[in-house]
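Here is the structure we will look at.
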Amino acid sequence: METAAQEKLKSLLASRKSALTQYFDSAIYEVGFQGKNPLIIDAIEGFNQAWNSLGSGQEEKLQSLYIEKNPFEASKRHFYLNADDNSQYSFFHRQKHPLLSSLTNIDSYYDLFLINTQGDLIYSVDKEIDFATNLKTGLWRETQLARLFERINDSPKVGKVLISDYAPYKPSFDAPASFIGTAVYNQASQYIGIVIFQLPIEPINRIMQVTAGMGTSGETYIVGEDLLMRSNSRFYKERSILSTKVDTPSVHRALTGETGFAIIDDYRAIPVYSAFSPFNVLSINWAILAEI
(Lines give C-alpha, C1' and ligand atoms only; values in the text may rest on other atoms or scores of the structure.)
Protein backbone atom coordinates (compact mmCIF):
# COMPACT_ATOMS: atom_id res chain seq x y z
CA MET A 1 0.00 0.00 0.00
CA GLU A 2 2.85 2.37 0.81
CA THR A 3 4.53 1.57 -2.50
CA ALA A 4 1.26 2.19 -4.37
CA ALA A 5 0.79 5.54 -2.59
CA GLN A 6 4.37 6.52 -3.39
CA GLU A 7 4.06 5.68 -7.08
CA LYS A 8 0.71 7.48 -7.35
CA LEU A 9 2.16 10.66 -5.82
CA LYS A 10 5.18 10.54 -8.11
CA SER A 11 2.86 10.23 -11.10
CA LEU A 12 0.69 13.16 -9.96
CA LEU A 13 3.80 15.26 -9.33
CA ALA A 14 5.16 14.50 -12.80
CA SER A 15 1.80 15.47 -14.33
CA ARG A 16 1.73 18.85 -12.55
CA LYS A 17 5.37 19.51 -13.37
CA SER A 18 4.75 18.78 -17.05
CA ALA A 19 1.74 21.14 -17.16
CA LEU A 20 3.71 23.86 -15.38
CA THR A 21 6.62 23.46 -17.79
CA GLN A 22 4.26 23.71 -20.74
CA TYR A 23 2.73 26.92 -19.34
CA PHE A 24 6.07 28.67 -18.89
CA ASP A 25 7.52 27.36 -22.17
CA SER A 26 4.49 28.83 -23.94
CA ALA A 27 4.96 32.20 -22.18
CA ILE A 28 8.68 32.30 -23.01
CA TYR A 29 7.99 31.52 -26.67
CA GLU A 30 5.20 34.11 -26.84
CA VAL A 31 7.31 36.88 -25.31
CA GLY A 32 10.23 36.06 -27.61
CA PHE A 33 7.85 36.26 -30.57
CA GLN A 34 6.33 39.56 -29.42
CA GLY A 35 9.81 41.07 -29.07
CA LYS A 36 10.16 40.72 -32.85
CA ASN A 37 6.53 41.54 -33.70
CA PRO A 38 6.28 44.58 -36.05
CA LEU A 39 3.30 45.77 -33.97
CA ILE A 40 5.46 45.97 -30.82
CA ILE A 41 8.39 47.54 -32.68
CA ASP A 42 6.16 50.19 -34.23
CA ALA A 43 4.40 50.81 -30.91
CA ILE A 44 7.64 51.41 -28.98
CA GLU A 45 8.96 53.77 -31.64
CA GLY A 46 5.64 55.60 -31.91
CA PHE A 47 4.94 55.90 -28.18
CA ASN A 48 8.50 56.99 -27.49
CA GLN A 49 8.22 59.75 -30.10
CA ALA A 50 4.83 60.77 -28.71
CA TRP A 51 6.27 60.70 -25.16
CA ASN A 52 9.07 63.07 -26.18
CA SER A 53 6.59 65.36 -27.95
CA LEU A 54 4.91 66.05 -24.60
CA GLY A 55 8.03 67.91 -23.48
CA SER A 56 8.51 67.67 -19.72
CA GLY A 57 6.26 66.40 -16.95
CA GLN A 58 5.03 63.39 -18.93
CA GLU A 59 4.17 61.42 -15.77
CA GLU A 60 1.87 64.12 -14.41
CA LYS A 61 0.25 64.80 -17.79
CA LEU A 62 -0.41 61.19 -18.76
CA GLN A 63 -1.52 60.04 -15.32
CA SER A 64 -3.95 62.95 -15.20
CA LEU A 65 -5.35 62.11 -18.64
CA TYR A 66 -5.46 58.31 -18.43
CA ILE A 67 -5.86 57.64 -14.70
CA GLU A 68 -7.36 60.60 -12.84
CA LYS A 69 -9.69 61.66 -15.68
CA ASN A 70 -10.31 58.14 -16.93
CA PRO A 71 -14.13 57.67 -16.92
CA PHE A 72 -13.80 53.95 -16.13
CA GLU A 73 -13.24 52.45 -12.69
CA ALA A 74 -9.75 51.22 -11.76
CA SER A 75 -10.24 47.63 -12.94
CA LYS A 76 -11.61 48.76 -16.32
CA ARG A 77 -9.28 51.62 -17.27
CA HIS A 78 -8.12 49.60 -20.27
CA PHE A 79 -11.47 50.36 -21.94
CA TYR A 80 -10.48 54.03 -22.28
CA LEU A 81 -9.37 54.47 -25.89
CA ASN A 82 -7.89 57.95 -25.82
CA ALA A 83 -7.97 61.24 -23.97
CA ASP A 84 -9.44 64.19 -25.85
CA ASP A 85 -6.39 66.45 -25.56
CA ASN A 86 -5.32 66.53 -29.24
CA SER A 87 -1.82 65.36 -28.33
CA GLN A 88 0.33 63.15 -30.53
CA TYR A 89 0.34 60.64 -27.67
CA SER A 90 -3.47 60.32 -27.54
CA PHE A 91 -3.68 60.12 -31.33
CA PHE A 92 -1.20 57.24 -31.39
CA HIS A 93 -2.87 55.60 -28.36
CA ARG A 94 -6.19 55.55 -30.21
CA GLN A 95 -4.48 53.71 -33.07
CA LYS A 96 -2.48 51.09 -31.17
CA HIS A 97 -4.32 50.48 -27.90
CA PRO A 98 -7.01 48.10 -29.28
CA LEU A 99 -4.37 45.86 -30.85
CA LEU A 100 -2.05 45.88 -27.84
CA SER A 101 -4.93 45.31 -25.46
CA SER A 102 -5.98 42.24 -27.43
CA LEU A 103 -2.59 40.63 -26.75
CA THR A 104 -3.33 40.47 -23.02
CA ASN A 105 -6.88 39.20 -23.57
CA ILE A 106 -5.91 36.40 -25.92
CA ASP A 107 -3.04 35.02 -23.84
CA SER A 108 -4.39 35.66 -20.34
CA TYR A 109 -1.66 38.06 -19.34
CA TYR A 110 -2.50 40.59 -16.65
CA ASP A 111 -0.83 43.56 -18.32
CA LEU A 112 1.59 44.60 -21.05
CA PHE A 113 4.27 47.29 -20.67
CA LEU A 114 6.36 49.15 -23.22
CA ILE A 115 9.46 50.80 -21.74
CA ASN A 116 12.03 52.98 -23.48
CA THR A 117 15.77 52.66 -22.90
CA GLN A 118 15.71 55.46 -20.31
CA GLY A 119 13.30 53.48 -18.12
CA ASP A 120 10.14 55.47 -18.91
CA LEU A 121 7.03 53.27 -18.85
CA ILE A 122 5.65 54.84 -22.01
CA TYR A 123 2.62 52.55 -22.35
CA SER A 124 0.61 49.96 -20.41
CA VAL A 125 -2.70 48.32 -21.19
CA ASP A 126 -4.28 48.59 -17.73
CA LYS A 127 -3.09 52.12 -16.79
CA GLU A 128 -2.36 51.29 -13.18
CA ILE A 129 -0.44 53.75 -11.03
CA ASP A 130 2.92 52.61 -12.43
CA PHE A 131 1.92 54.00 -15.85
CA ALA A 132 4.13 56.84 -17.14
CA THR A 133 6.59 56.52 -14.24
CA ASN A 134 10.34 55.97 -14.59
CA LEU A 135 11.59 52.56 -13.48
CA LYS A 136 15.08 53.89 -12.77
CA THR A 137 14.23 56.90 -10.61
CA GLY A 138 10.49 56.77 -9.93
CA LEU A 139 8.33 55.51 -7.10
CA TRP A 140 8.42 51.87 -8.27
CA ARG A 141 12.18 51.59 -8.86
CA GLU A 142 12.51 48.88 -6.14
CA THR A 143 9.84 46.57 -7.61
CA GLN A 144 10.29 43.29 -9.48
CA LEU A 145 9.21 45.09 -12.65
CA ALA A 146 11.99 47.66 -12.30
CA ARG A 147 14.59 45.01 -11.49
CA LEU A 148 13.61 42.98 -14.55
CA PHE A 149 13.88 46.13 -16.69
CA GLU A 150 17.39 46.72 -15.33
CA ARG A 151 18.48 43.14 -16.05
CA ILE A 152 17.29 43.35 -19.65
CA ASN A 153 18.47 46.92 -20.20
CA ASP A 154 21.96 46.29 -18.81
CA SER A 155 22.72 43.65 -21.45
CA PRO A 156 20.03 43.64 -24.15
CA LYS A 157 20.13 40.77 -26.60
CA VAL A 158 17.83 39.82 -29.46
CA GLY A 159 15.49 36.99 -28.46
CA LYS A 160 16.77 36.72 -24.87
CA VAL A 161 13.80 36.34 -22.49
CA LEU A 162 14.15 37.02 -18.75
CA ILE A 163 11.66 36.46 -15.94
CA SER A 164 11.15 37.53 -12.32
CA ASP A 165 9.80 35.40 -9.49
CA TYR A 166 6.36 36.14 -8.06
CA ALA A 167 6.13 38.91 -5.46
CA PRO A 168 3.38 41.27 -4.24
CA TYR A 169 3.06 44.14 -6.73
CA LYS A 170 1.66 47.25 -5.10
CA PRO A 171 0.38 48.99 -8.28
CA SER A 172 -1.76 45.87 -8.85
CA PHE A 173 -3.28 46.07 -5.35
CA ASP A 174 -0.48 43.88 -3.92
CA ALA A 175 -1.55 40.90 -6.04
CA PRO A 176 1.18 38.27 -6.62
CA ALA A 177 2.83 39.04 -9.95
CA SER A 178 5.67 37.79 -12.08
CA PHE A 179 7.12 39.71 -15.02
CA ILE A 180 8.58 38.31 -18.23
CA GLY A 181 10.16 40.38 -20.97
CA THR A 182 12.70 40.86 -23.72
CA ALA A 183 14.63 43.59 -25.51
CA VAL A 184 13.15 45.02 -28.72
CA TYR A 185 15.18 46.05 -31.77
CA ASN A 186 13.97 48.02 -34.79
CA GLN A 187 14.41 47.13 -38.46
CA ALA A 188 17.84 48.77 -38.43
CA SER A 189 18.92 46.43 -35.59
CA GLN A 190 18.98 49.28 -33.07
CA TYR A 191 17.94 48.59 -29.47
CA ILE A 192 14.86 50.75 -28.87
CA GLY A 193 13.21 49.46 -25.69
CA ILE A 194 11.67 46.56 -23.83
CA VAL A 195 8.34 44.73 -23.87
CA ILE A 196 7.27 43.13 -20.57
CA PHE A 197 4.19 41.08 -19.75
CA GLN A 198 2.77 40.74 -16.25
CA LEU A 199 1.87 37.15 -15.38
CA PRO A 200 -1.01 36.58 -12.96
CA ILE A 201 -1.00 33.73 -10.44
CA GLU A 202 -4.33 32.22 -11.56
CA PRO A 203 -2.96 29.96 -14.33
CA ILE A 204 -0.53 28.36 -11.87
CA ASN A 205 -3.30 27.86 -9.32
CA ARG A 206 -5.45 26.17 -11.95
CA ILE A 207 -2.63 23.74 -12.70
CA MET A 208 -1.70 23.00 -9.11
CA GLN A 209 -5.19 22.79 -7.63
CA VAL A 210 -6.50 19.97 -9.80
CA THR A 211 -7.86 17.59 -7.17
CA ALA A 212 -8.40 14.50 -9.36
CA GLY A 213 -6.55 11.59 -7.80
CA MET A 214 -5.74 13.55 -4.62
CA GLY A 215 -8.65 12.38 -2.49
CA THR A 216 -9.76 14.57 0.39
CA SER A 217 -6.35 15.06 2.00
CA GLY A 218 -3.95 15.36 -0.96
CA GLU A 219 -2.61 18.46 -2.69
CA THR A 220 0.13 19.70 -4.99
CA TYR A 221 1.80 23.04 -4.46
CA ILE A 222 4.92 25.11 -5.15
CA VAL A 223 7.41 26.71 -2.77
CA GLY A 224 9.98 29.40 -3.61
CA GLU A 225 13.56 29.81 -2.41
CA ASP A 226 12.27 32.06 0.39
CA LEU A 227 10.22 29.02 1.61
CA LEU A 228 6.94 30.81 0.85
CA MET A 229 4.19 29.22 -1.23
CA ARG A 230 3.86 30.13 -4.90
CA SER A 231 0.44 28.52 -5.28
CA ASN A 232 -2.56 28.49 -2.96
CA SER A 233 -3.19 25.66 -0.54
CA ARG A 234 -6.50 23.88 -1.16
CA PHE A 235 -6.95 23.72 2.63
CA TYR A 236 -6.76 27.46 3.35
CA LYS A 237 -9.66 29.78 2.57
CA GLU A 238 -7.38 32.82 2.62
CA ARG A 239 -4.58 33.35 0.11
CA SER A 240 -1.48 31.36 1.06
CA ILE A 241 0.69 32.50 -1.86
CA LEU A 242 3.67 34.50 -0.56
CA SER A 243 2.29 34.31 2.99
CA THR A 244 2.45 30.66 4.10
CA LYS A 245 5.93 29.38 4.97
CA VAL A 246 6.79 25.74 4.21
CA ASP A 247 9.99 24.86 6.06
CA THR A 248 10.03 21.08 5.62
CA PRO A 249 12.74 18.54 4.71
CA SER A 250 11.04 17.86 1.35
CA VAL A 251 11.21 21.54 0.37
CA HIS A 252 14.86 21.89 1.36
CA ARG A 253 15.84 18.74 -0.55
CA ALA A 254 13.93 19.85 -3.66
CA LEU A 255 15.50 23.33 -3.58
CA THR A 256 18.95 21.71 -3.62
CA GLY A 257 17.99 19.87 -6.81
CA GLU A 258 16.91 16.53 -5.36
CA THR A 259 13.89 14.48 -6.46
CA GLY A 260 12.52 11.98 -3.97
CA PHE A 261 9.92 10.72 -1.53
CA ALA A 262 9.60 10.97 2.26
CA ILE A 263 7.17 10.66 5.15
CA ILE A 264 7.20 14.01 6.97
CA ASP A 265 5.08 16.51 8.88
CA ASP A 266 3.80 19.09 6.39
CA TYR A 267 3.42 22.86 6.86
CA ARG A 268 0.26 22.19 8.91
CA ALA A 269 2.15 19.77 11.18
CA ILE A 270 0.18 16.84 9.70
CA PRO A 271 2.01 13.59 8.80
CA VAL A 272 2.00 13.09 5.01
CA TYR A 273 3.50 11.06 2.22
CA SER A 274 5.54 13.65 0.35
CA ALA A 275 6.86 13.45 -3.22
CA PHE A 276 9.10 16.36 -4.19
CA SER A 277 11.15 17.66 -7.10
CA PRO A 278 12.92 20.86 -8.19
CA PHE A 279 11.29 23.10 -10.79
CA ASN A 280 13.45 25.52 -12.74
CA VAL A 281 12.48 28.02 -15.41
CA LEU A 282 15.04 30.62 -16.54
CA SER A 283 16.12 32.32 -13.26
CA ILE A 284 13.29 30.87 -11.13
CA ASN A 285 14.07 27.98 -8.78
CA TRP A 286 11.13 26.38 -6.99
CA ALA A 287 10.23 23.20 -5.15
CA ILE A 288 7.17 21.35 -6.39
CA LEU A 289 5.43 18.91 -4.06
CA ALA A 290 2.62 16.35 -4.04
CA GLU A 291 1.48 15.29 -0.56
CA ILE A 292 -1.33 13.21 0.93
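We count residues from 1, following the sequence as given.
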Would you compute the distance between atom NZ of Lys8 and atom CD1 of Ile292 and round it to the nearest 0.5 angstrom?
6.0 Å

With sequence neighbours excluded, what pairs up with Asp126 under the salt bridge (charged side-chain N to carboxylate O under 4.0 Å, His left out) test?
none

Taking all non-hydrogen atoms of both residues into account, name the closest pair between Ser250 and Ile264 and its distance.
OG-CD1, 3.4 Å

Among Asn48, Val125, Ile40, exactly one meets side chain to side chain contact (heavy atoms under 4.5 Å, CB included) together with Leu114. Which residue is that?
Ile40

How long is the straight-line distance from CG of Leu99 back to CG of Leu39, given to the nearest 0.5 Å?
5.5 Å

Are side-chain heavy atoms of Phe279 and Leu20 found at a separation under 4.5 Å?
yes

State plainly whether one hydrophobic cluster holds both Tyr23 and Met208, where clusters connect Ile, Leu, Val, Met, Phe, Trp and Tyr through side-chain heavy atoms under 4.5 angstrom apart.
yes

Beyond-backbone contact of Leu121 with Leu145, side-chain heavy atoms, under 4.5 angstrom:
yes

N/O donor-acceptor pairs under 3.5 Å from side chains in residues 72-81, not counting sequence neighbours:
residue	atom	partner	partner atom	Å
Glu73	OE1	Ser75	OG	3.4
Arg77	NH1	Lys127	O	3.0

Does a sphere of radius 6.0 Å around CD in Gln49 hold more than 12 heavy atoms from other residues, nucleotides or ligands, not counting ones at 6.0 Å or beyond?
no

Answer yes or no: is there an ion pair linking Lys170 with Asp130, defined by an N-O contact shorter than 4.0 Å?
no

Remaining members of the apolar cluster that contains Tyr221, side-chain heavy atoms under 4.5 Å:
Val223, Leu227, Met229, Phe235, Tyr236, Val246, Val251, Leu255, Tyr267, Phe276, Leu289

Any residue meeting side-chain hydrogen bond (donor to acceptor under 3.5 Å, both in side chains) with Ser124, in chain and number order, not counting sequence neighbours:
none

Ring pair (Phe, Tyr, Trp, His ring centres under 6.0 Å) pairs touching residues 30-52, sequence neighbours excluded, are Phe47-Tyr89, Phe47-Phe92, Phe47-Tyr123

Partner residues of Asp265 under the salt bridge (charged side-chain N to carboxylate O under 4.0 Å, His left out) criterion, sequence neighbours left out:
none

Of all pairs that satisfy side chain to side chain donor-acceptor pair (under 3.5 Å), the ones with a partner from residues 58-70, not counting sequence neighbours:
Tyr66-Ser90

Evaluate the ring planes of Phe179 and Tyr169, with Trp represented by its six-membered ring, and classify them as parallel (under 30°), tilted (30 to 60°) or perpendicular (over 60°).
perpendicular

If hydrophobic clusters are built from ILVMFWY residues whose side chains come within less than 4.5 Å, do Ile288 and Met214 share one?
no

Distance-only side-chain donor-acceptor flag, Thr182 / Lys160, under 3.5 Å:
no

Taking the side chain as every heavy atom from C-beta outward, state whether Ile196 and Ile115 have any pair of such atoms under 4.5 Å apart.
yes

With sequence neighbours left out, what residues match Thr244 under side-chain hydrogen bond (donor to acceptor under 3.5 Å, both in side chains)?
none

Can you see which heavy atom on Gly215 is nearest to which on Arg234, and at what distance?
O-NH1, 3.2 Å

Val31, Ile41: one ILVMFWY side-chain cluster at the under-4.5 Å cut-off?
yes

Pairs in or reaching into residues 277-292: which pass salt bridge (Lys or Arg N to Asp or Glu O under 4.0 Å), with residues at least two apart or in two chains?
none

Check: Gln34/Asn37 side-chain N/O donor and acceptor closer than 3.5 Å
yes

Roughly how far, to the nearest 0.5 Å, is OG of Ser26 from CD of Gln22?
7.5 Å

Could you verify whether a donor N or O on one side chain and an acceptor N or O on the other, from Asn186 and Tyr191, lie under 3.5 Å apart?
no

Where Arg16 and Ile207 come nearest, the two heavy atoms and their spacing:
CD-O, 3.3 Å

Can you list everything that forms a side-chain contact (heavy atoms from CB on, under 4.5 Å) with Ala4? Sequence neighbours excluded, please.
none

Does Phe113 have its ring centroid less than 6.0 Å away from the ring centroid of Phe149?
no

Using side-chain contact (heavy atoms from CB on, under 4.5 Å) as the criterion, list what pairs up with Ile163, not counting sequence neighbours.
Phe24, Ser178, Ile180, Leu199, Leu282, Ser283, Ile284

Nearest heavy-atom approach of Ser231 to Ile204 is CB-CG2, 4.2 Å

Those residues at least two apart in sequence (or on a different chain) that pass ring-ring contact (aromatic ring centres under 6.0 Å, His included) with Tyr166 are none

Pairwise distance CG(Leu12) to NZ(Lys17) - rounded to 0.5 angstrom
14.5 Å

Please determine, by modelled atom types, if Ser172 and Gln198 share a side-chain donor-acceptor pair under 3.5 angstrom.
yes

In terms of side-chain heavy atoms, does Ser240 have a donor or acceptor partner in Ser233 at a distance below 3.5 Å?
no

Polar side chain donor-acceptor pair, Trp286 to Asp165, under 3.5 angstrom:
yes

At their closest point, which heavy atom of Ala254 faces which heavy atom of Ala287, and how far apart are they?
CB-CB, 3.5 Å

Determine whether Leu103 and Val161 fall in the same hydrophobic cluster, where Ile, Leu, Val, Met, Phe, Trp and Tyr are linked whenever their side-chain heavy atoms lie under 4.5 Å apart.
yes

If you round to the nearest 0.5 Å, how far is CG of Asp266 from OH of Tyr273?
14.0 Å

Heavy-atom pair with the smallest gap, counting every atom of Tyr109 and Ala27
OH-CA, 3.7 Å

Once rounded to the nearest 0.5 Å, what's the spacing between atom CD of Glu150 and atom CZ of Arg147?
8.0 Å

Run the side chain to side chain contact (heavy atoms under 4.5 Å, CB included) test on Ile192 and Thr117 for me, step by step, so that the C-alpha distance in whole Å, both residues' side-chain angles and the decisive distance to 0.1 Å come before the verdict.
CA-CA 6 Å; Ile192 58 172; Thr117 56; 5.7 Å; no

